[in-house]
Amino acid sequence: MSTVLVIKAHPATENVANSVVIGERFVEAYRKDHPQDQIIEHDLYAEGVPEINSSNLDSWTKLTNGTTYQDLSENEQILLSRQQKLQDQFILADKYVFVSPMYNLFIPNRLKMYLDLVIVSTKTWVEGEHGPEGTLHNKKALHIQSSGGTYHHTDNEFMAKLDLGDSYLKALLGQVGIKDYQGIYCEGNSHRDPEDMAANREIVAKQAGKIAKTF
Ligand SMILES: Cc1cc2nc3c(=O)[nH]c(=O)nc-3n(C[C@H](O)[C@H](O)[C@H](O)COP(=O)(O)O)c2cc1C
């Protein structure tokens, strides 16, 4: 049995979001094809993500300098235990599905905040002789992303270099050892009328359903 962690980072609640619809279709197909697997879903905008703040930094310093967890304040303990829970869940998962829109060529800020909590030195990577060495092996990741422009399904070399969020996610996960990475991209939405957008979303959702079989 594998554990799949689905991390949705889209602020939309009412409007149809292409990435969210495609993500849901992927999960639906995955559940059908892998009934034995456990799927854990996070909605980062609905749940919120604990931000790294000065209290957090202070408590890390205190722990490094020998303070025990019990001697931290109640607030520090609450923050750390929530962070710990997210980290443990991330480390134990076998497969990751990130669902997000592109915002200013990058991933949405809540997804970055989540990654800052779960990708941590000594747990997901260690300092090796030649730089960081990942500790997470035999895992795979999928990024389902929707964007106004077209960055992947194009011969335009300039545009192809601009999907910084997806490149960053791939590089960061690669650094912690998750090298099996693929993307599903629902692109060009700024230039589509509602009908065309719905038709393209359906094509990409079908593609997601196929990928779910072998993911
Ligand atoms: C704040 C903001 C920034 C955006 N920045 C970009 C961008 O840099 N490049 C791009 O192609 N689309 C950009 N878009 C457009 C969205 O990526 C596009 O509408 C996408 O389809 C949204 O995802 P969804 O369809 O899942 O809602 C931006 C949209 C918003 C709201």
Side-chain angles (χ1 to χ4, degrees), residues 4-32 39-52 90 93 95-119 140-174 178 181-213 215:
V4 187
L5 194 53
V6 180
I7 301 133
K8 183 174 102 180
H10 200 305
T13 50
E14 301 292 332
N15 298 333
V16 175
N18 297 293
S19 50
V20 174
V21 170
I22 296 162
E24 285 169 356
R25 290 278 290 277
F26 176 89
V27 171
E28 191 185 305
Y30 187 94
R31 218 185 280 283
K32 207 163 133 232
I39 301 176
I40 301 171
E41 297 187 64
H42 278 299
D43 181 340
L44 300 186
Y45 279 86
E47 295 164 20
V49 182
E51 75 168 346
I52 295 178
F90 189 84
K95 302 175 186 181
Y96 308 86
V97 180
F98 297 92
V99 178
S100 64
M102 175 192 274
Y103 283 168
N104 287 322
L105 307 180
F106 208 62
I107 52 174
N109 66 337
R110 290 267 168 110
L111 180 52
K112 176 66 168 60
M113 285 166 72
Y114 172 80
L115 293 168
D116 286 343
L117 283 187
V118 297
I119 306 280
K140 51 164 76 173
L142 172 69
H143 185 201
I144 297 174
Q145 180 181 256
S146 190
S147 59
T150 301
Y151 305 85
H152 296 271
H153 307 112
T154 178
D155 296 330
N156 183 328
E157 288 179 21
F158 176 73
M159 289 297 284
K161 286 186 188 141
L162 286 184
D163 188 351
L164 304 178
D166 185 64
S167 305
Y168 162 77
L169 190 59
K170 184 177 180 183
L172 185 73
L173 295 176
I178 306 166
Y181 180 96
Q182 61 183 312
I184 297 176
Y185 309 103
C186 178
E187 306 193 287
N189 295 315
S190 304
H191 313 288
R192 297 182 193 277
D193 60 32
E195 206 177 311
D196 185 28
M197 194 180 313
N200 183 56
R201 182 169 63 234
E202 185 56 26
I203 290 170
V204 183
K206 283 198 174 124
Q207 183 199 351
K210 276 192 195 145
I211 289 175
K213 281 190 194 311
F215 185 68

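We count ligands from 1, going down the list as the structure has it; atoms in each ligand are counted the same way. All values derive from a computational prediction rather than experimental measurement.
In this structure a side-chain-to-backbone donor-acceptor pair under 3.5 Å is present from Arg110 to Leu44.
A salt bridge links Arg31 to Glu41: at least one charged side-chain nitrogen sits closer than 4.0 Å to a carboxylate oxygen. The pair Lys112-Asp116 counts as a salt bridge, with a side-chain nitrogen and a carboxylate oxygen less than 4.0 angstrom apart.
Contacts classified as ring-ring contact (aromatic ring centres under 6.0 Å, His included) and involving residues 97-119 (residues at least two apart or in different chains) are given here: Phe106-Tyr168.
Annotation: side-chain contact (heavy atoms from CB on, under 4.5 Å) contacts of Glu28 (sequence neighbours excluded): Arg25. Lys95 meets the side-chain hydrogen bond (donor to acceptor under 3.5 Å, both in side chains) test with Tyr30; sequence neighbours excluded.
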Hey, what polar pairs (N/O, under 3.5 Å) does ligand 1 make with protein?
residue	atom	partner	partner atom	Å
ligand 1	5 (N)	Asn104	N	2.8
ligand 1	8 (O)	Asn104	N	3.2
ligand 1	8 (O)	Leu105	N	2.8
ligand 1	9 (N)	Tyr151	OH	2.9
ligand 1	11 (O)	Gly148	N	3.2
ligand 1	11 (O)	Gly149	N	2.7
ligand 1	11 (O)	Tyr151	OH	2.6
ligand 1	12 (N)	Gly148	N	3.1
ligand 1	14 (N)	Met102	O	3.4
ligand 1	17 (O)	Met102	O	2.7
ligand 1	21 (O)	Ser146	OG	3.1
ligand 1	21 (O)	Asn189	ND2	3.0
ligand 1	25 (O)	Asn18	N	3.3
ligand 1	25 (O)	Asn18	ND2	2.7
ligand 1	25 (O)	Ser146	OG	3.0
ligand 1	26 (O)	His10	NE2	3.3
ligand 1	26 (O)	Asn18	N	3.2
ligand 1	26 (O)	Ser19	N	2.9
ligand 1	26 (O)	Ser19	OG	2.6
ligand 1	27 (O)	His10	NE2	2.7

